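Written below as structure tokens is the structure these notes are about.
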Amino acid sequence: MNNNATHNLEGLARTALEPLGFEVLEVQVQNLGGQPVVLIRIDRLDEQPVTVDDLTKASRAAEAEFDRVDPIAGEYRLEFESPGAKRPLTRARHFERMLGLKARVRGEGGLAFTAPIQAVSGDQVTFMVSGEPQTLTVGTFQANLAEFPDRHR
């Protein structure tokens, strides 16, 4: 699947899940043994921990929307996950929630580092990279949490 197709799947997932109070963090399409698997990683908009009931409710809503639109030819499987230890960080609020924790960052031109999130101001995120602050704009790089918080944030 190309990026455009994955982007369309994200849109479908958001349409089904945001009205129920869920944020779609990530949609990945994996092709394991010939049958595509669409993995949808969700969080709650109220920032409470994702429960098994939440995953069930999200699954039912997204399945109905995917069945209605039928975005993938043939058989495929939908899977849902909570953010977990490698939580995608895509919005300024995500970085604010995880201040002080390490993030794994990848960007244009081979930019790659793992460093603590030092500050967030608007859409600017500052990381402490080898003792030097490095500020990037949200949306111009990819980041995942690189360490698990000791409590829910």
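Because the structure is a prediction, the values reported are computed rather than measured.
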**Report entry** salt bridge (charged side-chain N to carboxylate O under 4.0 Å, His left out) partners for Asp70, two or more places apart
**Finding:** none

**Report entry** Ring geometry between Tyr76 and Phe66 (parallel below 30°, tilted from 30 to 60°, perpendicular above 60°)
**Finding:** tilted

Query raised in the report: Taking everything shown except Gln134 itself, do over 12 heavy atoms lie less than 6.0 Å from its CD?
Result: yes

**Report entry** Validation row: Leu101, Leu145 side chains within 4.5 angstrom (heavy atoms)
**Finding:** yes

Query - Phe141 and Phe95 aromatic centres sub-6.0 Å - result: yes

Report summary line: Smallest heavy-atom separation, Ala115 atom then Val129 atom, equals CB-CG2, 3.9 Å

Report summary line: Between Glu79 and the options Val37, Leu55, Ile40, Val38, the side chain to side chain contact (heavy atoms under 4.5 Å, CB included) test singles out Val37

Requested in this report: Sort and list the pairs that fulfil salt bridge (Lys or Arg N to Asp or Glu O under 4.0 Å) and have at least one residue in residues 20-33, not counting sequence neighbours.
Outcome: Glu23-Arg91, Glu26-Arg41

Requested in this report: Kindly compute the distance separating CG (Leu20) from CD1 (Ile42), expressed to the nearest 0.5 Å.
Outcome: 9.5 Å

Report task. Not counting sequence neighbours, which residues clear side-chain hydrogen bond (donor to acceptor under 3.5 Å, both in side chains) with Ser82? List them please. Result -> none

Query raised in the report: Closest approach of Phe80 and Ala62, non-hydrogen atoms and distance?
Result: CZ-CB, 3.4 Å

Query raised in the report: Out of curiosity, Gln35 CD to Ile72 CD1, how far, rounded to the nearest 0.5 Å?
Result: 10.0 Å

Report task. Name all residues meeting the side-chain hydrogen bond (donor to acceptor under 3.5 Å, both in side chains) criterion together with Gln124; count only those two or more places apart in sequence or in a different chain, and write none if there are none. Result -> Thr137

Requested in this report: Please tell me if the side chains of Val138 and Val125 come closer than 4.5 Å, counting only heavy atoms from C-beta onward.
Outcome: yes

Query raised in the report: Do Val69 and Leu39 belong to the same hydrophobic cluster, where Ile, Leu, Val, Met, Phe, Trp and Tyr are linked whenever their side-chain heavy atoms lie under 4.5 Å apart, directly or via other members?
Result: no

Report summary line: Applied to residues 53-62, the salt bridge (Lys or Arg N to Asp or Glu O under 4.0 Å) test, sequence neighbours excluded, yields Arg44-Asp54

**Report entry** Min side-chain heavy-atom separation Gln118-Pro133 under 4.5 Å
**Finding:** yes

Query raised in the report: What are the two closest heavy atoms between Asp43 and Arg97, and how far apart are they?
Result: OD2-NH1, 3.1 Å

Report task. Find the distance between CZ (Arg14) and CG (Leu12) and round it off to the nearest 0.5 Å. Result -> 11.0 Å

Query raised in the report: In terms of side-chain heavy atoms, does Gln28 have a donor or acceptor partner in Gln30 at a distance below 3.5 Å?
Result: yes

Requested in this report: Keeping the roles fixed (side chain from Thr56, backbone from Val52), state whether a donor-acceptor pair exists under 3.5 Å.
Outcome: yes

Requested in this report: Nearest 0.5 Å please: distance from the CG atom of Leu89 over to the CD1 atom of Ile117.
Outcome: 5.5 Å

Query raised in the report: Cluster question for you: counting only ILVMFWY and a side-chain heavy-atom cut-off of under 4.5 Å, with indirect links fine, are Met128 and Leu99 together?
Result: no

**Report entry** Rounded distance [0.5 Å steps], CG in Leu25 versus CD in Glu81
**Finding:** 11.0 Å

Query raised in the report: What are the two closest non-hydrogen atoms of Gly100 and Pro116, and how far apart are they?
Result: O-CB, 4.0 Å

Requested in this report: Report whether Met98 and Leu45 are members of the same hydrophobic cluster (ILVMFWY, side-chain heavy atoms less than 4.5 Å apart, transitive linking).
Outcome: no

Requested in this report: Of all the heavy-atom pairs spanning Ala143 and Val105, show the shortest one and how long it is.
Outcome: CB-CG2, 4.2 Å

Query raised in the report: Is there any salt bridge (Lys or Arg N to Asp or Glu O under 4.0 Å) pair reaching into residues 100-110, and which pairs are they, with sequence neighbours excluded?
Result: none

Requested in this report: State, to 0.1 Å, how close Ala16 and Ala61 come at their nearest heavy-atom pair, and which atoms those are.
Outcome: CB-O, 3.7 Å

Query raised in the report: Are any of the side-chain heavy atoms of Leu111 and Leu136 separated by less than 4.5 Å?
Result: yes

Query raised in the report: Going by heavy atoms in the side chains, are Leu9 and Pro71 under 4.5 Å from each other?
Result: yes

Query - Within-4.5 Å side-chain heavy-atom neighbours: Thr15 and Glu65 - result: yes

